[in-house]
Amino acid sequence: MTESLNTSSALPADPAPIAPEHDLMSKFDALIAERRKLLDSGVTDPFAIVMEQVKSPTEAVIAGRDTILLGTYNYMGMTFDPDVIQAGKDALDQFGSGTNGSRMLNGTFRDHMEVEQALREFYGTTGAIVFSTGYMANLGMISTLAGKGEYVILDADSHASIYDGCKQGYAEIVRFRHNDVEDLDKRLGRLPRDAGKLVVLEGVYSMLGDIAPLKEMVAVAKKHGAMVLSDEAHSMGFFGPNGRGVYEAQGCEGDVDFIVGTFSKSVGTVGGFCVSNHPKFEAIRLACRPYIFTASLPPSVVATAATSIRKLMHANEKRARLWENARTLHGGLTEMGFRLGTDAPDSAIIAVILEDQEQAVAMWQALLDGGLYVNMARPPATPAGTYLLRCSLCAEHTPEQIRRVLAMFQAAGRAVGVLA
């Protein structure tokens, strides 16, 4: 009887594992091989930099060496502002480290309301919605605004978050040539007259630092009955009389329906947002999946953002210093003979164009070894065939630091054969 019971209750042997017909990771083999080749050449991985210590908005310790930071988006230098830091500390003490919920449930705290009010004041709008990142703001707004049977019209060089917002939704996607007003007009003219249309633009394009002809593009969009969303992530804080962005600087505030931005650049923390004067704007909270189904930002983060935004409203001196730094660096690099992404210092981003990836990596490594950190960028982040070193200026860079940066670029350029 016992033997019979033991036999009947014995567990079946584990089946032999089935080898997958297709390894889902195999698609990354080329990337893995390229990275291995890069590291085998003895250079530092440009995409895995570790900040061992950050001393100020413009200085850090990287690989044990004091390094000037020229590769962050800390345009207005707000990360070490004493008032901003204190606001974060106070919120941490009062509300703890996290929210443990989405904005639709228990994730709205006092400071979420406060930062949205600060955004309304900064932009002079009636509506403001905060997202967990700038990426999520574009993902959420674009996928929610344009639905089936409607159209999103975007610049071919748009940021990845804009493209991903298009993929997330059900609208038809139409691309036009980068910063080409005539091509935008032509493509809008081919679309059904009565269909809903959203034209998505960017004030500053983050790779080359070039700015969009927003005034002309917005006029074309309105001629065809389209609504306009402008991403001002790389212009907030220092473009326009109030620092609202390129759309303010070019005088088309009244015609742009939605402004998307981020806290991770001029504001100096993390988060994203959209502001608008549309009377139905609050309905976005009820329909936007990236807003509804994600945790809200920690109270310390939104507290620092609210304080920073209110200080940026009066940061005229910082704005002037940032533009002076951009003019000095652009002029110095041009005089040395570097090929730059723009003919003039159009923004706080200055891109140094190199011939190929090998030259870009060599130049980047030489700068890092000399105590300067910039971003190395390559396709698909850049236009096809474009390899560059991206410099992002800060209002807190001193004239002495800019002089040192120029000297390091000259030395590195000569060392790797970019300059004669």
Side-chain angles (χ1 to χ4, degrees), residues 51 54-60 68-81 83-85 118-119 122-123 133-135 137 159 202-212 230-249 259-273 301 304-330 333 340-342 344-352 372-375 377 389-399 401-402 405:
M51 303 283 177
V54 180
K55 297 182 174 182
S56 74
T58 62
E59 293 182 306
I68 295 176
L69 296 176
L70 198 66
T72 79
Y73 294 138
N74 197 3
Y75 298 128
M76 298 296 279
M78 298 303 289
T79 51
F80 278 80
D81 182 274
D83 296 328
V84 171
I85 291 173
L119 285 166
F122 184 89
Y123 283 99
T133 63
Y135 175 95
H159 189 266
E202 293 180 67
V204 175
Y205 286 85
S206 62
M207 283 297 124
L208 298 180
D210 53 327
I211 62 175
S230 184
D231 183 336
E232 298 288 345
H234 290 275
S235 63
M236 178 193 182
F238 54 95
F239 270 88
N242 298 293
R244 291 171 181 167
V246 173
Y247 81 110
E248 181 192 32
I259 299 297
V260 165
T262 182
F263 297 155
S264 64
K265 297 174 176 58
S266 288
V267 178
T269 181
V270 67
F273 63 88
V301 169
T304 59
T307 301
S308 180
I309 290 164
R310 290 201 164 106
K311 295 196 77 168
L312 288 176
M313 293 175 70
H314 311 288
N316 295 324
E317 186 179 339
K318 276 181 175 285
R319 284 193 268 275
R321 289 205 307 268
L322 179 58
W323 281 113
E324 179 59 29
N325 286 342
R327 286 190 290 269
T328 302
L329 184 63
H330 191 285
L333 292 173
L340 304 184
T342 57
D346 292 335
S347 70
I349 297 170
I350 296 174
V352 178
L372 177 64
Y373 172 69
V374 298
N375 301 131
L389 300 181
R390 181 177 59 183
C391 306
S392 301
L393 285 151
C394 177
E396 297 301 313
H397 280 122
T398 65
Q401 285 178 321
I402 299 298
V405 165

*Asks:* Taking salt bridge (Lys or Arg N to Asp or Glu O under 4.0 Å) as the definition, give me every residue that meets it alongside Asp81, ordered by chain and number, with sequence neighbours left out.
*Replies:* Lys311
*Asks:* Please check this pair: side chain of Arg390 against backbone of Ser206, looking for a donor-acceptor N/O pair closer than 3.5 Å.
*Replies:* yes
*Asks:* Measure the spacing between NE2 of His314 and CG of Asn242 and express it to the nearest 0.5 Å.
*Replies:* 10.0 Å
*Asks:* Taking all atoms of both residues into account, what is the closest heavy-atom pair of Pro57 and Asn74, and its distance?
*Replies:* CB-ND2, 3.4 Å
*Asks:* Using a 4.5 Å cut-off on heavy atoms from C-beta on, say whether the side chain of Ile349 contacts that of Tyr205.
*Replies:* no
*Asks:* With distance as the sole test, does Ser308 use its side chain to make a donor-acceptor pair with the main-chain N or O of Val267 at under 3.5 Å?
*Replies:*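 Pair found, side chain donor or acceptor close to backbone of Val267.
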*Asks:* Which atom pair, heavy atoms only, marks the closest approach of Ala348 to Tyr75?
*Replies:*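 Between these two residues, the closest heavy atoms are CB-CD2, 3.6 Å.
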*Asks:* For a 4.5 angstrom cut-off between non-hydrogen side-chain atoms, does Lys55 reach Phe80?
*Replies:*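 They are not in side-chain contact.
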*Asks:* Report the C-alpha distance between Ser230 and Ile259 in whole Å, list the side-chain angles of each, state the deciding distance to 0.1 Å, and finish with yes or no for side-chain contact (heavy atoms from CB on, under 4.5 Å).
*Replies:* CA-CA 5 Å; Ser230 184; Ile259 299 297; 4.0 Å; yes
*Asks:* Got a salt bridge between Arg327 and Glu324, using NZ or NE/NH1/NH2 to carboxylate O under 4.0 Å?
*Replies:*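 Salt bridge: yes.
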*Asks:* Is there a side-chain contact between Glu396 and Gln401, using heavy atoms and a 4.5 Å cut-off?
*Replies:* no
*Asks:* Hey, could you give me the CG/CG distance between Leu70 and Asn325, rounded to the nearest 0.5 Å?
*Replies:* 9.5 Å
*Asks:* With no hydrogens and no angle check, is any side-chain donor or acceptor of Asp346 less than 3.5 Å from a backbone partner on Asp210?
*Replies:*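 Not confirmed, Asp346 side chain does not pair with Asp210 backbone.
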*Asks:* Please give me the minimum heavy-atom distance between Ser347 and Gly209, naming the atom from each residue.
*Replies:* OG-O, 2.8 Å
*Asks:* Report the distance from atom SG of Cys394 to atom CE of Met78, rounding to the nearest 0.5 Å.
*Replies:* 10.5 Å
*Asks:* Can you see which heavy atom on Ser235 is nearest to which on Val246, and at what distance?
*Replies:*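 Closest heavy-atom pair between Ser235 and Val246: OG-N, 3.4 Å.
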*Asks:* Compare every heavy atom of Val260 with every heavy atom of Ala137, then report the nearest pair and how far apart it is.
*Replies:*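 Smallest heavy-atom distance, with atoms named: CB-CG1, 4.0 Å.
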*Asks:* How about Leu340 and Val352: do any of their side-chain heavy atoms sit closer than 4.5 Å?
*Replies:*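 Yes, close enough: below the 4.5 Å cut-off.
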*Asks:* Which heavy atom of Ala305 sits nearest to which heavy atom of Thr269, and what is that distance?
*Replies:*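 The pair with the smallest heavy-atom distance is CB-CG2, 3.8 Å.
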*Asks:* Between Phe273 and Tyr123, what is the ring plane arrangement, given parallel below 30°, perpendicular above 60°, and tilted in between?
*Replies:*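 Taking Tyr123 first and then Phe273, their aromatic rings sit tilted (interplane angle of 30° to 60°).
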*Asks:* Are any of the side-chain heavy atoms of Leu393 and Leu322 separated by less than 4.5 Å?
*Replies:*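 Yes, their side chains come closer than 4.5 Å.
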*Asks:* When rounded to the nearest 0.5 angstrom, what distance separates CE in Met76 from CG in Leu312?
*Replies:*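 Met76 atom CE to Leu312 atom CG measures 5.5 Å (nearest 0.5 Å).
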*Asks:* Quick one: does Met51's side chain get under 4.5 Å of Tyr373's, heavy atoms only?
*Replies:* yes
*Asks:* To the nearest 0.5 Å, tell me how far Ile350 CD1 sits from Leu329 CG.
*Replies:* 4.0 Å
*Asks:* Looking at OG1 of Thr304 and CD1 of Ile309, how far apart are the two atoms once the value is rounded to the nearest 0.5 Å?
*Replies:* 9.0 Å
*Asks:* Using a 4.5 Å cut-off on heavy atoms from C-beta on, say whether the side chain of Phe239 contacts that of Glu232.
*Replies:*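 No, every pair of side-chain atoms sits at 4.5 Å or beyond.
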*Asks:* Taking the side chain as every heavy atom from C-beta outward, state whether Phe238 and Ser266 have any atom pair closer than 4.5 Å.
*Replies:*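 Counting from C-beta outward, Phe238 and Ser266 do come under 4.5 Å.
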